[in-house]
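Read the structure below first, then the notes.
So that the names make sense, note that chain A is the first sequence line, chain B the second, and so on, each numbered from 1. Both backbone and side-chain heavy atoms feed into the values below; hydrogens, waters and symmetry mates do not.
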Protein chains: 2
Amino acid sequence: MLKITRKVEYALIALRHMQSNPLDKLTSAKEIATLYGIPQQLLAKTLQQMARDGIIEAVQGPAGGYRILAKLDRISLKDFFEKLEGPLGMMDCYFDSDCIQIGACNIRIPIQRINDNMRNMFAQMTLQEVTQ
Amino acid sequence: MLKITRKVEYALIALRHMQSNPLDKLTSAKEIATLYGIPQQLLAKTLQQMARDGIIEAVQGPAGGYRILAKLDRISLKDFFEKLEGPLGMMDCYFDSDCIQIGACNIRIPIQRINDNMRNMFAQMTLQEVTQ
DNA sequence: GATATATACGACATTTTTAATCGTATATAT
DNA sequence: ATATATACGATTAAAAATGTCGTATATATC
C-alpha cells in the first residue's frame, strides 16, 4: 500500500534524464526506454500524457522526441501526481461520497486529517527537487 | 495510487469503535462487522493480526471478543501500518535491492528522499490521534 | 458433557487494479 | 517514397487486493 505507480516512476525517470541534458535537446521514447529498461510503448504513452499536460513538449517525425517545457520548480509533486493519476487520496471516500457505509463510518474525519497531511507534504515538494 | 488497504481501514474502524466504549469491554468481530457493514471473516483476521501484534487482546469462547491492550498514543501510524502491511515504501526498490535496473536507475536517491518524508510524517502521528 | 458461540488460521477463489501489448493513424526529416 | 517518430484507443496479461471456505480450538451456559 501507499505505492506510486510505474507510470509515475517512468515519468520521473524520463524527466530526470531530460533534465540532465541540454534543455533544448530532443529525446525519443525509444532512447529512454532502452537506456533504463522500460517498456517503450508504455513510456511513450506516459510521455504523451505529460505533453498533453504541458509538462513536456513533443516533436513528431524522425529526429523528433520530447523536451521539457514547464518550469519544474513551479510544479508541486501533488499537482504532478494528480495530473498523471487523478485526485490524490488514501481512501476513495475522500472524493467519492458514494460509500456504502456513509453515515456509519466512524473514521472519515480522522482519515481526512491524515490525507490532508499527505497532500500538504506533496504540495510542498517540487518536481525540480526530484529530477535535478 | 498511494492508497491504504481495506485491512488498515477496517483495523482503524475497529479500534475507533473499541475506543468509544469502556476500555475493558469485549467487542466481537461480528458486532463490529454488522455495525459497519464489513465482511466479518476479513475483519476477524485483521483483529487476530492486531492481537498477535499486541495492539489488542483476544478472549475466546462465547461472550469473548477483543479489547484494546496497547497505549495507542505510543504507537505511531508508521509502526501501525508496518505491523499490518509490512515495510512502508512508495517504491519496492526502497527495500528490495533486486531491481533489474540496479545501476541504471536515476531516481533512486530522490525517491528515497520523498519516501523518508512520508515515513517521517506517519512517524509523527499516533494511532490515538486517528481513533480518539 | 452436549451445545452454542467465539477466536484462530491456512487455503482457495474472486475481483479489481496495474502493467504491458497490439493495431492503426499521423507527422516529417531524408 | 521511405523510415522513423509521436498519438492513442482497444485489448490482453499480470499482479495485488479483497473476500470466502473449511476446519480447529477455546469456553460459557444449560
In terms of heavy-atom contacts, Leu43(A) and Ile38(A) come closest through CB-CG2, 3.9 Å
Closest of dT20(D), dT21(C), dT6(D) to the Ala29(A) side chain is dT6(D)
| request: Flag yes if more than 12 heavy atoms outside Lys25(B) fall under 6.0 Å of its NZ atom; otherwise flag no. | output: yes
Among the nucleotides dC9(C), dT21(C), dA5(D), whichever has the atom closest to the side chain of Gln48(B) is dC9(C)
Is Ala58(B) touching bases, backbone alone, or none of the nucleic acid, heavy atoms closer than 4.0 Å?
-> sugar-phosphate
Asp53(B) atom CG is separated from dA8(C) atom P, nearest whole Å, by 12 Å
Regarding the side chain of Gln41(A), the nearest nucleotide among dT6(D), dC22(C), dA27(C) is dC22(C)
Per atom distances to the Arg6(B) side chain, the nearest of dT7(C), dT6(D), dG19(D) is dG19(D)
*asked:* For a quick check, tell me whether the side chain of Lys45(B) and the base of dG19(D) share a donor-acceptor pair closer than 3.5 Å.
replied: no
Looking only at dT7(C), dA28(D), dT4(D), the nucleotide nearest the Gln60(B) side chain is dT7(C)
Checking N1-N3 plus N6-O4 or O6-N4 for Watson-Crick, or N1-O2 and O6-N3 for wobble, each under 3.5 Å, the partner of dA25(C) is dT6(D)
Leu26(A) atom CG is separated from dA27(C) atom C1', nearest whole Å, by 14 Å
Assert: residue with more 5' nearest nucleotide on DNA chain D, out of Lys3(A) and Gln49(A), is Gln49(A)
